[in-house]
Every structure is written in structure tokens, then in C-alpha cells.
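Below is one structure, written out as C-alpha cells, with a few remarks after it.
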4 protein chains.
Amino acid sequence: MPRPKLEDARDRLLAAGLSLFAQRGMERVNSNTIAKRAKVGIGTFYNHFPDKYALLRELELRTLAGVRAARVAALEGAGPDPAAQVRGSIEAAVGFAAAHPEAYRVTFGRERAGAGHHGPVVTESARPLANALRRLQSRGRVDPRLDPELGARAYLAMEVGMLLWWLEDRKRAEPGQLVETLVRLHPAGRAAA
Amino acid sequence: MPRPKLEDARDRLLAAGLSLFAQRGMERVNSNTIAKRAKVGIGTFYNHFPDKYALLRELELRTLAGVRAARVAALEGAGPDPAAQVRGSIEAAVGFAAAHPEAYRVTFGRERAGAGHHGPVVTESARPLANALRRLQSRGRVDPRLDPELGARAYLAMEVGMLLWWLEDRKRAEPGQLVETLVRLHPAGRAAA
Amino acid sequence: MPRPKLEDARDRLLAAGLSLFAQRGMERVNSNTIAKRAKVGIGTFYNHFPDKYALLRELELRTLAGVRAARVAALEGAGPDPAAQVRGSIEAAVGFAAAHPEAYRVTFGRERAGAGHHGPVVTESARPLANALRRLQSRGRVDPRLDPELGARAYLAMEVGMLLWWLEDRKRAEPGQLVETLVRLHPAGRAAA
Amino acid sequence: MPRPKLEDARDRLLAAGLSLFAQRGMERVNSNTIAKRAKVGIGTFYNHFPDKYALLRELELRTLAGVRAARVAALEGAGPDPAAQVRGSIEAAVGFAAAHPEAYRVTFGRERAGAGHHGPVVTESARPLANALRRLQSRGRVDPRLDPELGARAYLAMEVGMLLWWLEDRKRAEPGQLVETLVRLHPAGRAAA
DNA sequence: AATGAATGAGATTTCATTCAT
DNA sequence: TATGAATGAAATCTCATTCAT
């Protein structure tokens with residue numbers, strides 16, 4: 001029998017934190033509320049996390065790993081065609097947001113206090129995309145005048161912004177429409193036109 | 001202490017709030033600090049604003065009006081060519097962000113508590129852009145398969161996201177590069193390619 | 001022409017204070033609100049009253065004078081019969097409360113902060129009643145074993161308590177019923193039985 | 001500081017609140033002072049009561065229960081004679097006020113902000129007394145022209161008013177005198193005359 | 001006399017964190 | 001490890017009063 005209570009408390013705290021952060025936003029959630037929602041004593045909270053930001057950080061790391069894994073899997077499944085890779089990567093991101101809306105909103109949303117947070121979170125995805133753009137430019141498949149760093153940033157800002165907007169109210173669009181729009185506006189999608 | 005000149009206090013509070021919000025983010029600024037920075041009693045703060053969110057809202061309204069005015073002026077000065085209009089509008093936005101970085105970050109940044117705030121702020125710009133895209137589609141200048149609403153949203157998310165990223169550290173790019181990138185990735189820029 | 005503005009402000013302040021105190025109770029009314037209701041600057045408030053308690057005190061003095069005058073007039077109109085005098089005095093008190101419910105509630109109600117306030121307000125009425133009871137005892141018209149001081153106090157507590165209770169919701173009884181009840185329970189009403 | 005024994009804090013807060021409310025009156029006591037007097041952190045105050053009114057309400061409930069219990073016990077001990085019952089009930093009330101002067105003053109005194117509070121507190125005692133009067137009327141022991149509801153109210157206003165006045169300065173009378181006065185002026189005492 | 005913006009002491013309330021059990 | 005009562009620094013907000021105009 002696996003330890004029944006042990007990791008239980010930690011997982012319940014993470015789940016409670018996730019749903020509360022998504023619902024109310026970082027600064028409007030307090031550690032006591034998280035513990036209560038997790039049906040755990042407040043002392044237990046501090047046995048597992050040094051403070052509430054640590055819990056948030058862990059949620060973010062899990063989300064980032066999840067998005068990355070989804071993209072990697074999509075790229076591996078897409079074969080060598082760049083267009084298919086772009087579409088696959090986008091479908092992966094949209095799919096992840098649809099499957100884990102709270103995690104997506106908490107990680108990428110506008111909730112964090114303090115400036116300069118968005119950047120780092122996105123940076124990790126920007127680098128591989130910039131490299132991909134450079135490769136495509138060298139093969140003449142993307143406008144060579146586009147700065148690949150800036151293009152990557154710009155695209156990711158767009159993707160994140162759209163998905164957050166969509167998650168506010170999913171009736172705003174079908175996932176397929178989102179994918180179409182993002183594909184069409186993707187820097188690597190342009191050359192096709 | 002003698003009472004300062006009439007509307008002085010209110011303006012000083014707005015200025016103090018702006019710089020503090022930009023520096024530390026909404027939730028890490030308190031009314032006492034704003035009042036102190038404005039060299040005004042805490043009571044004066046509450047004579048002018050019911051709470052710190054009201055001050056923020058006023059700053060946002062001023063910023064939105066500023067961006068809109070800059071865009072309108074640019075469009076009027078750009079003549080009838082759609083490409084020139086797109087570029088002009090983008091230059092106006094970049095110019096505004098460069099001239100009022102704190103106001104831009106406070107208004108569009110990721111600081112507000114509670115979800116669903118970004119949307120409304122951006123919505124007002126999304127509508128005219130969607131209309132422009134529709135017009136260009138009917139004239140065959142923009143890919144007709146692009147959903148104009150989603151395209152407008154996507155572009156604005158990109159523009160805002162890039163400018164916020166840039167304002168975190170302006171050494172990251174020259175304003176001209178930003179304009180080039182945004183022009184190239186603009187939904188209406190595509191058909192020109 | 002009498003000074004038009006002069007006493008105007010003071011009277012409007014008193015009226016505003018009366019209605020606000022009656023509505024919300026002493027401690028939940030502030031001087032700025034009174035001034036606003038009186039359509040007068042807050043500065044004007046302090047030109048007329050040293051503080052908000054002074055305004056209250058003036059209202060109370062006016063009310064006490066009003067009740068006393070009503071009772072005196074009733075006694076004078078009642079002729080020499082003690083029973084008629086008792087009934088007349090009670091009718092005067094009930095009539096005053098009915099005519100000036102706010103003033104009555106503010107003056108006699110349970111609103112004042114700090115203990116020991118009720119006593120003084122009532123004391124002034126207790127003395128003449130105690131004297132009357134003594135006179136009636138010496139004439140054998142009131143039970144001689146009743147302590148006239150305590151009897152007077154007790155009756156007045158009853159009268160005030162009933163009228164406040166009635167003013168909370170006047171549908172609770174007809175004024176005539178109140179008078180009957182108070183007459184029957186009056187220390188001097190007893191001998192009649 | 002080591003945490004004091006379990007429910008200790010709550011009881012100390014109630015005791016501190018009682019003595020402070022009695023001393024200064026509701027509106028002149030603040031939560032900090034109560035906590036300090038109870039030798040407890042301010043946070044502990046808010047762990048136990050949502051605000052100071054909640055503490056007051058609990059004190060009132062305890063007092064009302066105490067008075068009721070004292071009256072019930074007295075009635076049970078008084079036997080079937082109505083006169084003895086009346087006297088017993090009055091002795092119980094006077095005894096309770098003498099034994100718990102602070103609780104009595106806080107519960108029945110004129111301190112509460114907002115109107116309409118006294119009524120409800122007294123209502124609960126008014127009903128049984130009204131019923132008793134009705135019974136006595138049907139047996140011809142009380143003047144049938146007296147409205148039993150109003151009579152009950154009137155008597156209770158008298159009792160409460162006298163006891164509050166007495167508690168302001170106990171030298172004003174002996175408890176025995178109070179009882180005598182109240183017995184003589186009781187609606188059910190009258191028929192004896 | 002009238003005005004009302006400005007003031008700041010003080011009251012209320014929140015919440016991250018500790019620690020004895 | 002788990003618990004949760006206790007804590008107090010810090011934030012929000014009120015309001016009586018002043019004073020330059």
C-alpha cells in the first residue's frame with residue numbers, strides 16, 4: 001500500500017491552491033483558505049511549502065513542463081514538414097489550455113504581483129521558436145527581414161493573450177478557430193501566402 | 001502645513017499612484033504610501049478617491065484615451081493607403097508606450113487582481129480593428145479565411161504583449177524594430193507580402 | 001425683513017441633526033453628514049456648535065422644554081381634580097411624543113453613548129411628580145406605603161419606555177389605549193380603584 | 001508568550017468586553033482595548049468574534065438566559081398564589097441585577113446604537129407576563145379594562161428602567177424598597193387595593 | 001459669517017507565520 | 001507529521017476638526 005496520507009496532503013494543497021488562484025487571483029487568496037479548502041491544518045501547509053508563493057511556483061513549473069511536453073510530443077508526431085510542425089505545436093498549446101484551463105490561467109494570466117514576471121515564463125518557449133524561425137529563414141521559408149527573436153516573442157505574446165482571452169469565456173470561439181487564426185498569423189505561416 | 005493649490009492634491013496623487021503602481025504593481029502599493037509620496041495626508045487620498053482601485057481606474061481611462069487619440073491622429077495623418085494606416089497606427093502605439101511607459105505598463109500590464117480585466121481594456125481597440133479587417137477582406141487585401149474578430153484580438157494581444165516585454169527593458173530592441181516586426185505580423189500586413 | 005440667512009443655517013443644522021440622529025442613532029451620524037443634509041458647509045457647522053454633542057444637547061433641551069410646557073399647560077387646564085390632572089399630564093406626554101416622534105426618540109431613546117445619561121434627563125420630571133404623590137398621600141389618596149421618590153421614578157420609566165416602544169411602530173396601539181394603560185398603572189391612579 | 005489554556009481566551013474576551021461595555025458604553029470601547037484588557041492579541045479577538053457587536057450579542061444572550069432562569073426558578077418556588085408569584089418574579093429580577101450589574105446594564109441599558117433594539121430584548125419577557133395577566137383577568141384578579149399586552153409592556157419598561165437607574169448608584173435605594181415599589185405598581189398588584 | 005479641502009489620530013480588519021501540543 | 005489557536009504588523013478607512021480663502 002502506498003503512503004496514503006503523506007503525499008496526499010501536498011497534492012490536496014496544490015489542487016486547492018490552483019482552483020483558488022484561478023478563481024480569485026493570487027493576491028486575493030490566503031494560506032489559511034488554501035489549507036481549509038484542502039481539508040488540512042494550516043500548520044500542514046507550512047510543513048510542505050515555505051510560503052504561498054512557493055506553492056504557486058510549483059504549480060507554474062508543473063504547467064510549464066506540461067505545455068512543453070505537449071509541444072514536444074506534437075512536434076515528434078508531426079513529421080518533417082514545417083507547416084505541420086507549426087500547426088501541431090499550436091494544437092498542442094490550445095489543447096493544453098483547454099484541458100487545464102485553471103493551470104493555464106494561473107501560470108500565464110495577469111495575476112502575479114510585481115512586474116517582469118511574464119517574460120521569464122515565456123522566455124523558455126521563445127528560444128526554440130526563434131531557432132526554428134532562423135532555420136526556416138535560412139531555407140527561405142520565412143521572410144528574412146523578420147527579426148527571429150522579436151518574431152518569436154511576438155507570436156508567443158499573441159498565443160498566450162488569445163488563449164487567456166478565450167479561457168475567460170470559452171463560448172467566444174471554437175478551439176479549431178483559434179488554431180486556424182494562430183496558424184495563419186504565425187510568422188512561419190506567412191511565407192505560405 | 002498650508003493647503004496646496006486647489007486641484008494640486010488630486011494630480012499629485014495620480015502621479016504618485018502611477019509611478020508606484022508601475023514600480024511595484026497594484027497589490028504591493030498601499031494608500032498610505034501613495035499619499036506620502038504625493039505629500040498629502042491620508043485623509044486627502046480618501047477625499048479624492050473611494051479607494052486605490054478608483055485611482056487606478058482613472059489612470060487607466062486617461063491612458064486609454066491617450067492611446068486612442070494617438071492612433072486616431074496617426075490614421076488621419078496617414079492618408080488612404082491601408083499599409084500606411086497600419087504602419088501609422090503601430091507607430092502611434094509604440095510611440096505612446098515609449099513616451100508614457102509607466103502609464104502603459106499600469107494600464108495593460110499583468111498587475112490587476114481578478115480575472116477578466118485585460119479583455120475589456122483591449123476590447124475597445126479590437127472592434128475598430130476587426131472592422132478594418134473586414135473592409136480589407138471585402139477588397140481582397142486580407143486573407144478571407146481569417147476570422148476578423150479573432151484576428152483583431154490576436155493582433156492586439158501581440159502588440160500589447162510585445163510592448164510590455166519591451167518596456168521591461170528597452171535595451172531589448174529599437175522602437176523601429178518593434179514597428180517592423182508588428183507591421184510584418186499584422187493580419188493586414190500579410191496580403192502585401 | 002428678518003435676517004434671512006443667519007438663523008437659517010443654525011435651524012437647518014438642528015433639523016438635519018434631529019432627523020439623522022433619529023434615523024441612525026447618535027454614534028452613527030457624523031458632523032459632515034449633518035452639514036451636508038442641512039445644505040451648509042462643514043465650516044458653518046463649527047461656527048454654530050462647538051461639536052456634534054452640543055447640537056444634540058440643544059435638541060434635548062428644546063424637547064425637554066416642550067414636554068414640560070405641554071404638561072404644565074395640561075395641568076393648568078385640568079382644574080383641581082387629581083385624577084383629571086394625572087390624565088391630563090399623561091395625555092400631554094403622549095400628545096407630545098406623537099407630534100414630535102423624532103425629538104422624543106432622540107431625547108429619551110437608548111442612543112446616547114456613555115452611561116448615566118437617562119437619569120438626569122428624567123430627573124427633572126421626577127421631582128414634581130414625587131411632590132404630587134406626597135401631597136396625595138397626605139390627603140389619603142395614594143397608598144402611604146409607597147415611597148414617593150421611587151414611585152415617581154418607576155412611573156416615569158414606564159411612561160418613557162412605553163412611548164419609545166410605541167414610536168418604534170405606531171401601529172402597535174392607539175394613543176387612547178396608551179393613555180388608558182398609563183392612567184391605570186399610575187401610582188395615583190391606584191387609589192381610585 | 002505561551003498559548004493560554006484552550007477556551008480561556010474566549011472567556012477572557014467576554015469578561016473584558018462586559019466590564020468595558022458596562023464602564024464606557026458600547027460605542028466608546030474598541031476591539032483593541034478589549035483584547036488588551038483580556039491580555040490577548042488583537043488577532044485572537046477576531047478569531048473568536050467577527051466584530052465587537054458579536055461579542056455584545058453573546059453577552060446579551062447569556063444575560064437574557066440568566067434572567068429568564070432566575071424568574072422561572074422563582075415562579076417554581078413560589079407556589080400557586082399569584083401574589084407570591086409576582087413578588088417572587090420581581091425578587092428574582094432585582095436579585096439578578098444586583099448580582100450581575102454589569103451584565104444587566106449592558107443588556108438592557110441605553111447603549112446600543114440604532115433604534116429598535118430594546119423592544120426585541122424585552123419582548124421575550126412580555127409575552128408570558130401578558131398571558132399571566134389575561135389569566136388573572138379571567139379570574140377577576142386584575143382590572144378587566146387593562147390591555148394585557150400593553151400592561152405587560154408597561155410593567156417591564158418600568159422594571160427595567162428602575163433597575164438601570166438603581167444600578168447607576170446603588171445607594172439610591174435598598175433592594176427591598178425596589179421590590180416593594182415594583183410589587184405595588186405591578187398590574188397584578190392593583191386588584192388587591 | 002460661510003466655505004470645503006486638508007489633516008491625521010485612531011478604529012477596524014486581514015493574514016502570514018509561529019509553536020505548543 | 002499534523003494541528004489550529006494565538007499573534008501582531010500592516011493595510012484600509014472614518015471623521016472630528018482646522019484654517020486659508
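For clarity, every value in this text was computed on a predicted model and none was experimentally measured. Residue numbers start from 1 in every chain, and the chains themselves are labelled A, B, ... in the order their sequence lines are given, proteins ahead of strands.
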Worksheet entry | Pairwise 5' ranking along DNA chain F for A:G41 and D:F45, keeping only the more 5' one |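 It is A:G41, whose closest nucleotide lies nearer the 5' terminus.
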Discussion item. Using heavy-atom distances to pick each residue's nearest nucleotide on DNA chain F, tell me which of B:K52 and A:K39 is more 5'.
Written reply: A:K39
Separation of [N] [atom2] from [X] [atom1] (nearest whole Å):
X     : N      : atom1 : atom2 : result
D:D8  : F:dG4  : CG    : P     : 19 Å
D:K36 : F:dA6  : NZ    : P     : 18 Å
D:Y46 : F:dA9  : OH    : C1'   : 15 Å
C:I42 : F:dC19 : CD1   : C1'   : 13 Å
B:N47 : F:dT18 : CG    : C1'   : 13 Å
C:L55 : F:dT17 : CG    : C1'   : 16 Å
D:N32 : F:dA9  : CG    : P     : 12 Å
D:F49 : E:dT14 : CZ    : P     : 16 Å

Pair assignment for [N], Watson-Crick or G-U wobble, requiring both distances under 3.5 Å:
N      : result
F:dA11 : E:dT12
E:dA1  : none
E:dT17 : F:dA6

Worksheet item: Taking atom types as modelled and ignoring hydrogens, do the side chains of D:N30 and D:T33 form a donor-acceptor contact shorter than 3.5 angstrom?
Response: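 Present: a donor and an acceptor within the cut-off.
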Discussion item. Heavy atoms only, 4.0 Å cut-off, all strands: where does D:N30 land among base, sugar-phosphate and nothing?
Written reply: sugar-phosphate
Item to complete: Using a heavy-atom cut-off of under 4.0 Å over every strand shown, decide if C:D51 touches base, sugar-phosphate, or nothing.
Response: sugar-phosphate
Item to complete: Would you please confirm or rule out a distance under 4.0 Å between OP1 or OP2 of F:dT3 and any side-chain N or O of A:T44?
Response: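 Result: yes.
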Worksheet entry | Under 4.0 angstrom between B:H48 side-chain N/O and E:dA6 OP1 or OP2 |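 For E:dA6, OP1/OP2 do have a side-chain N/O of B:H48 under 4.0 Å.
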Worksheet item: 5'-most contact on DNA chain E: D:V29 or A:S31, nearest heavy atom basis?
Response: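 Checking each residue's closest nucleotide, the 5'-ward one belongs to D:V29.
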Worksheet, complete the sentence: Nearest-nucleotide check on DNA chain E, B:G43 vs D:G43; residue mapping nearer the 5' end is B:G43
Side-chain heavy-atom pair [X], [Y] within 4.5 angstrom cut-off:
X     : Y      : value
A:T63 : A:V106 : no
D:S31 : D:I42  : yes
A:K52 : A:L56  : no
C:R10 : C:F49  : yes

